Structure formats: C-alpha cells, structure tokens
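As structure tokens, the structure follows; a few thoughts come after it.
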Amino acid sequence: MVDLGAVLISQQPAFCPHFRWGYKERLFRASGRRMRLLHVLAFVLLIGIAVCKNESKNKLVVVTVASNATDGYLRFLRSANLYGYSVEVLGMGQPWLGGDVKRYAGGGYKINLLKKYMENHKDDSKTIYLFTDSYDVIFTASAKTLVKKYLEMKARVVFTAERFCWPDSSLSNSYPPVMGSSKYLNSGGFIGTGQSIYEMLTVRDIADTDDDQLYYTQLYLDPDMRNDLGIKLDYENQIFQALFGSEADVKIRAREDEVKEFYLFNAEHNTEPCVLHGNGLAKDTLNSMANYLAGSRTKTDCLICSENNFKIADLPTPPTLQLGIFIERPTPFLPEFFARILAQDYPKEHIHLFIHNREAYHKQHVADFLEHTSSYASITVKGHDSAISEAEARSLGISECLSHACDYYLSVDSEATLTQPMAITLLMELNRTLLAPMMVRPGKMWSNFWGALSDEGFYSRSEDYGEILDNSKRGIWNVPYVSTIYMIRSDVLKSGQVPSFEVQGIADLDVVWAKSLRDKGTFMYVSNVHHYGHLVNPDSYDTSLIRPEYYQLADNRLEWEYRYIHEDFETMKDPDTVIQQPCPDVYWFPLVTPAFCNDTIAIMEHFGQWSNGANNDKRLPGGYENVPTRDIHMKQVGLERQWMLFLKDYIRLIQEKVFTGYFHNPPVSLMNFVVRYRPDEQPALRPHHDASTYTINIALNNPHVDYEVRAGMP
C-alpha cells in the first residue's frame, strides 16, 4: 500500500540643518499628528529659501520659479542642498500665469517674476545669480565648481546651449556659426551678476504668456545687444547640459575612488556639466539619469533608499490603508492570491477593502475569501454583475480611499502575488509618493514596470532593466510606467496629482494612466529594495478546463509547485537524504500533494473515456497492448507535454540519485497514463515486466478511505 501522493520508482547624503529639521525633526516632533509624519509634502519647503554658503568668495544665489511642490521640485531642492547652493523660489503657491508651456510657447511670467525679484539686486555686481527651471533640473556638481567655471568663461551672462532652435525655428540661420552640436539658446538656465541680469530683463516689457526663450533669443541674436549685455552660450556644456537631442552624448560614469559616486559626463566636449536640464521631450531620460546622479547612489549602494523613511512602530497608531483588489481577467491560483492577502502582517482593523471582480468564474473564489474578512475595517465588493467598467472601478477604489480618510492606497491586481508578509509595512516605510514593489514573471523579462519609453510612448528596455530585474542592482527607481500593484500616499491623491482612469482609443488603461501621471509631473517609483512577490501569467489560463491550474506547470511554475508539489520533496533531492527502499531497487518518496491527486482524478473522470481493458488498443502505434489496463492516456486530456516536463524537472532528479550512472535528459517516455481499478471492472493487474528502463507509479487514492487494505499491509 502506498500513501497518497507518494511515488514508487523501480529500476544618504546629509542635508543642510534647516532642510533636515523641516524634513524629519519637525515631522517627528509632530508625531501626534500622523498625517504630517506620513506626508513629507506637508512640511513643504514652500517658500523655499535655504542658505548653505558655498566655499567661493563669490556669493552664488540660485533663483527658480515653481508654483507647486512637485516631485521634480523636491528633487531639485535636494540636489541643490546636497551641493551647497542657496536657493530662492519665486511664485510658490501662486497660480501659474505663463500659459500652457507643455503644449505652446509661453513662460513670460518667469521673466516678470524674476524682474521683480531682481529689482532689489539691480546694482549688485558682486553676487552671482543662477536662474534655472526646477521641475526638470538637478545639480550635478558643487556650487564652488560651478562658480569657478563661470568666472573662467569671462562673460557677463552665460546661457544654456541646446540642439534645437525653439520656439521659432526660422531663426536658426541667424545664429553665429560655432563648433559643436549645441548652438541654440535655451532659457532653462543662465548665470550672471545681479546687475547684468537686471539689465537684460529690463530691455523691454514682456507679457506673462509671451515666450521667455524667444525674449532672450532676440536679445542674443542682435549683435549689438549681445555685446552690450555680454551674453555667451555654454557651447561646450561646461556648466549647463540641455538633455533633449543630446542623449547619446551624455553619459553617467562612476568615479574610480573609494566612494565610486556617479557623475555626469559630456562625451562630445569631454566636460562634466554642473546643471542637468531635461528640456523638451527628455524628461523621462532625466528621471532615469537622476536615479544615479546627485548622490542618489554609488556603484555599490543605494543612498537615496534610506532618505525620508520612517518606522510604523514609532507612530502612535498604524496608518490607515485602502486596499483595492482588481480581478479584471481570469487569473490562475486565485485562492493562493487571497491567502497571501490574508497573510499580510498588518492590522486588519486599519485596512479598508475594495474588491472589483469582473469575472463570473471567480465569483466563488471571492465568496470564499470574504468568509475570512470580518476583521477588516470595511468591505466594498463590486461583482461581475455590477456593470461598472474597469476604469470606473479603479477610479472608485481611489474615491473609497478618500472617503475613508486613508493614509495610503494600495492597488493590487490579481496577477500580483504578495509572498512577502511584511509587504504593506515595507512599502509604507519607504515613504514615496507613488511606489510599486517590483514583481517579475519568474524566469522572464516581464515585470510590472518599464525602464524606458519608445518614441511612441510604449515599452522600451532601459540599459539597466535587466540588472534591476535580476536584483544585481537594488534600489528605488524613478520609472515612466508601473502597473499591476502600487501604493500611493493619500496627500498625492488629495492634491490632484493622480489622474482618474480614462479609456483613450485602443491603448491599455494603465498605459494611458501612466502617461497622465507623467504629464502631471507625478513620479512613479519601483522598489526592489526587498523581495515582495512575483507575477502570475494568465495568458494560457483556460477556464473551460475542469481543473485549469493543473495545466499551468510551464507558465506558472512557482504557484504550481506551491499547490501541487509535496513540501518534503526538496529534502529528497538532498544528496544526504536517504530515500526509503521498501524492497530491492524500489524507492518510495513524497512527491505531490493531495490537491495534485484530487485534480488528476477529477480531470480523468470528467473526460470519462476509459479504455475497455482489451489487448487491442487503437491509441498505440502497433494497436496492441500486451498487459492492458482500464486507463486514459495523458495525450487524450492535453497533458502529454506537461507530463514530460514533470518527468524532466522532478522525477529525473531522484532517478539520477538512486540509479546512479543512468542519465537521460530529457527523459523519453512513450506511454503516460492514469489507471483506474474497480472491483466490477479491473480489480487487479497480473505480474509482468514493463518494457522500460524504470517505471513511475503515483498513488492517487487514500488508503482506508478510498479503498480497503488487506490484513498485514501497512
């Protein structure tokens, strides 16, 4: 007698003190007000004057315009603080009056704000002022280095040079000839003394919605004005690097020193720019480069990963979470998915549940899960018969979060398997605006994020995509697209920085949503700091089958093994484990679970076309079976290929261990079948010799339950 499922085989960088106080100490002092601790945007740097003296005897002040404390703005301030810049911010908290510069020329508002500010410094010929954009700019070198480069250029005002003539391309022929590819003025960054800049700003008036770059361009293209104002362009990218169009020439390199910090290098001119501007369509490239620059990481460590974190254990009460679960397509191993949701080590009384199930097939799975959810704070379910679309459901999940005054929103699709019980806590404590835990289809280059975008705005593989996927590079990465599972801080939801879900043409819903996030300047991060889980592959999942998960070995091996392979099988592979031998050359070991046995029987009984036990058998090449049984071949139920894979990846490993010297990879097996014995049909099988090197027998029934046991048998 053989047991059920057994087998017989025979033969951080430091911040300035005021930034640190504003970012951490103030928030911890206000620990009684949990929202302040959780939402770093609440502390704000809103008026944004930070003074960190540079080491040069020439005082340098950075001036920028920003109306909202976006992710890009906070990144800009972080880099300025890191490298010792004094920053003054104009227009914060005020309406933007410069027009829709993402779609049209505009931005004269920046000139008028700067002009008003510079009125107090119009006679200052000693202080150097650096004006730069902020949402799409980072500093990559120290203030001391930048001032030195400016003084060496011997100009009153130095502007960024870029490769495209904007906003009036007809002016391109009016530019003086130069060596190099960047020859056109870009107004996203310029530097000069207070007196020089004020003089340049007051040549003539400009409307708020007129174009600022055209204003400066016309001054530069007038030879007399250019000479009088002393304007030069930074053709060799000594100070400024405009990224759009120059992506191929701009490299990130690591210093060959003990720290191995990354730095920016312009290969065309062999220079190291101090200010990187993601102008035009280069914002996603800037985001990718910023993952390495400005002290974000070294060659070996992620420095930014430990910035702005907090510990939930330090809070008076855990943050409130809205958990949205979305079943938008038939998904294999959904009971295991729900079991891992229940296994999350986070107080359920602080979790509000929202479930959208679009699939009638999964109705019972959801019902089974709901039987274990009484501890949750609240539960809202929209079933397949609720007639709401996926877009409406996803937007409703966010609305549920806001109505429950939650602190975080975690959206989880049914393809995302959370094997890390602390996943919720770990994601919260990293404290990012929108953060996705990295998940991958095991063994595939398929994940829940994109490293880069194609020119059409769809998937493109970044240079570091493979290294992030295989965890040879760990960190928190700013990426242009995330899906399937992500956590959003509620302050971002309340600020309107997260768009609603909308259907646009034939593009996938998540692709449209990610583009809307990029357009709003909301950063999407993916973390592989920890291992959180993996993605299941629903592509081959066929719910018309009686036990569809049983067929998923090739496409969802981890989940298949979790359900169908015995927990002791790994021990059997150990060379030091002695496998039980009930008689000579017969080995007995645990291999599969009761679920495997039950599903095998269910598939065969559902098919129902058992052979008649006669010697004549049309299923065989010769049409004759010497020792016939009542059976169904694996081929008949679509399992032949899976069974051969099963033999190769599980049985072969033990066979090579017990029958040393015999090696055949992959194994060859001509007859694979399930036999049924019944008293009224075929109660037994006479002794015989199999025409095989070794034979596998898996017991599918329970002794003393499914059949009687003779006296004296175990």
Side-chain angles (χ1 to χ4, degrees), residues 31-35 37-39 309-328 331 333-357 362-383 386 393-394 396-432 434-437 439 484-493 527 530-534 536 559 562:
S31 60
R33 300 177 66 183
R34 183 176 70 245
M35 295 297 290
L37 176 58
L38 298 176
H39 303 152
N309 301 164
F310 67 93
K311 290 293 184 182
I312 289 178
D314 296 334
L315 303 179
T317 57
T320 301
L321 175 73
Q322 177 73 52
L323 174 57
I325 296 174
F326 297 90
I327 308 165
E328 304 301 330
T331 308
F333 301 101
L334 198 63
E336 286 82 356
F337 165 87
F338 279 129
R340 283 156 174 158
I341 292 292
L342 291 170
Q344 281 297 299
D345 189 8
Y346 196 84
K348 292 178 174 52
E349 63 272 19
H350 291 276
I351 300 177
H352 295 273
L353 275 180
F354 173 82
I355 301 173
H356 179 238
N357 173 31
H362 289 307
K363 180 179 179 179
Q364 188 58 49
H365 294 141
V366 174
D368 293 343
F369 168 67
L370 292 175
E371 291 182 3
H372 305 281
T373 57
S374 59
S375 299
Y376 288 90
S378 70
I379 303 169
T380 301
V381 180
K382 299 295 182 181
S386 61
R394 292 189 183 276
L396 183 57
I398 292 176
S399 298
E400 288 276 312
C401 176
L402 296 174
S403 67
H404 290 128
C406 71
D407 300 312
Y408 288 89
Y409 175 66
L410 177 61
S411 175
V412 185
D413 290 6
S414 53
E415 296 100 310
T417 300
L418 281 168
T419 57
Q420 168 55 262
M422 297 296 294
I424 291 174
T425 296
L426 293 172
L427 290 171
M428 283 184 180
E429 291 182 345
L430 289 175
N431 199 25
R432 296 307 192 264
L434 193 160
L435 178 64
M439 290 195 178
T484 313
I485 177 170
Y486 46 84
M487 179 176 282
I488 310 175
R489 279 200 330 240
S490 65
D491 62 302
V492 186
L493 298 176
S527 166
H530 309 280
H531 179 76
Y532 303 94
H534 59 269
V536 300
E559 298 303 302
Y562 184 79

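Treat the numbers as computed from the prediction; the structure is a model and nothing was measured.
The CZ atom of Phe369 lies 5.0 Å from the CG atom of Leu353; values are rounded to the nearest 0.5 Å. Atom CG of Leu430 is separated from atom CE of Met428 by 12.0 Å, given to the nearest 0.5 angstrom. A distance of 8.0 Å separates CD of Gln344 from OG1 of Thr425, quoted to the nearest 0.5 Å. To the nearest 0.5 Å, atoms CG (Leu334) and NE2 (His362) are separated by 5.0 Å. Summarising the geometry, atom CD1 belonging to Ile355 is positioned 5.5 Å from atom CZ belonging to Phe338; distances are rounded to the nearest 0.5 Å. In this structure, CD on Glu336 lies 8.5 Å from OG1 on Thr417, to the nearest 0.5 angstrom.
For the pair Gln420/His531, no side-chain contact is recorded, criterion being any heavy-atom separation below 4.5 Å from C-beta on. Contact check for Val536 versus Phe337: no side-chain heavy atoms found under the 4.5 Å cut-off. For the pair Leu426 and Tyr532, the minimum side-chain heavy-atom distance is below 4.5 Å. The side-chain heavy atoms of Pro319 and Tyr346, taken from C-beta on, include a pair separated by under 4.5 Å. Taking 4.5 Å as the limit, every side-chain heavy atom of Ser490 sits out of range of all side-chain heavy atoms of Tyr409. For the pair Leu435/Tyr486, no side-chain contact is recorded, criterion being any heavy-atom separation below 4.5 Å from C-beta on.
Looking only at atom types and distance, the side chain of Glu400 has a donor-acceptor partner in the side chain of Thr380 under 3.5 Å away. A donor atom on one side chain and an acceptor atom on the other are found under 3.5 Å apart for His404 and Gln322.
Between the side chain of Lys348 and the backbone N or O of Leu342 there is at least one donor-acceptor pair closer than 3.5 Å. A donor-acceptor distance shorter than 3.5 angstrom exists from the side chain of Asp407 to the backbone of Thr320, with no hydrogens or angles considered. The backbone N or O of Ser375 lies less than 3.5 Å from no partner atom in the side chain of Glu349, so there is not a single donor-acceptor pair.
The minimum heavy-atom distance linking Ile485 with Ala436 is given by the pair O-CB, 3.3 Å. For the pair Pro335 and His365, the tightest heavy-atom approach, listed with the atom from each and the gap, is CG-CD2, 3.8 Å. Residues Thr484 and Glu415 come closest through the heavy atom pair CG2-CB, 4.3 Å. Considering all non-hydrogen atoms of both residues, Leu321 and Cys406 come closest at C-CB, 4.4 Å. The two atoms that bring Ser414 and Ile327 nearest to each other are OG-CA, 3.9 Å, heavy atoms only. Contact record, Pro347 with Pro318: CG-CG, 3.8 Å, taken as the closest heavy-atom pair.
Look at Arg394 and Asp413 and you find a salt bridge, because one of the NZ, NE, NH1 or NH2 atoms lies within 4.0 Å of a carboxylate O, short of that distance.
Screening residues 417-428 for salt bridge (Lys or Arg N to Asp or Glu O under 4.0 Å), with sequence neighbours left out, gives no hits.
Geometric assessment of Arg489 against the ring of Tyr408 yields a negative cation-pi assignment under the 6.0 Å and 45° thresholds.
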Decide yes or no on side-chain contact (heavy atoms from CB on, under 4.5 Å) for Asn357 and Lys382, but give the supporting numbers first. CA-CA 6 Å; Asn357 173 31; Lys382 299 295 182 181; over 6 Å; no
Step by step, work out the side-chain contact (heavy atoms from CB on, under 4.5 Å) result for Phe326 and Val412. CA-CA 6 Å; Phe326 297 90; Val412 185; over 6 Å; no
Stepwise side-chain contact (heavy atoms from CB on, under 4.5 Å) test for Val492 and Leu434: CA-CA 8 Å; Val492 186; Leu434 193 160; over 6 Å; no
Go through the steps to decide whether His352 and Leu323 satisfy the test side-chain contact (heavy atoms from CB on, under 4.5 Å), and finish with yes or no. CA-CA 6 Å; His352 295 273; Leu323 174 57; over 6 Å; no
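For Tyr376, the OH atom counts as densely surrounded, since its 6.0 Å shell holds more than 12 non-hydrogen atoms of other residues, nucleotides or ligands.
Under the salt bridge (charged side-chain N to carboxylate O under 4.0 Å, His left out) criterion, Glu559 pairs with Arg340, sequence neighbours left out. Listed by chain and residue number, nothing satisfies the ring pair (Phe, Tyr, Trp, His ring centres under 6.0 Å) test with His534 (two or more places apart in sequence, or in another chain).
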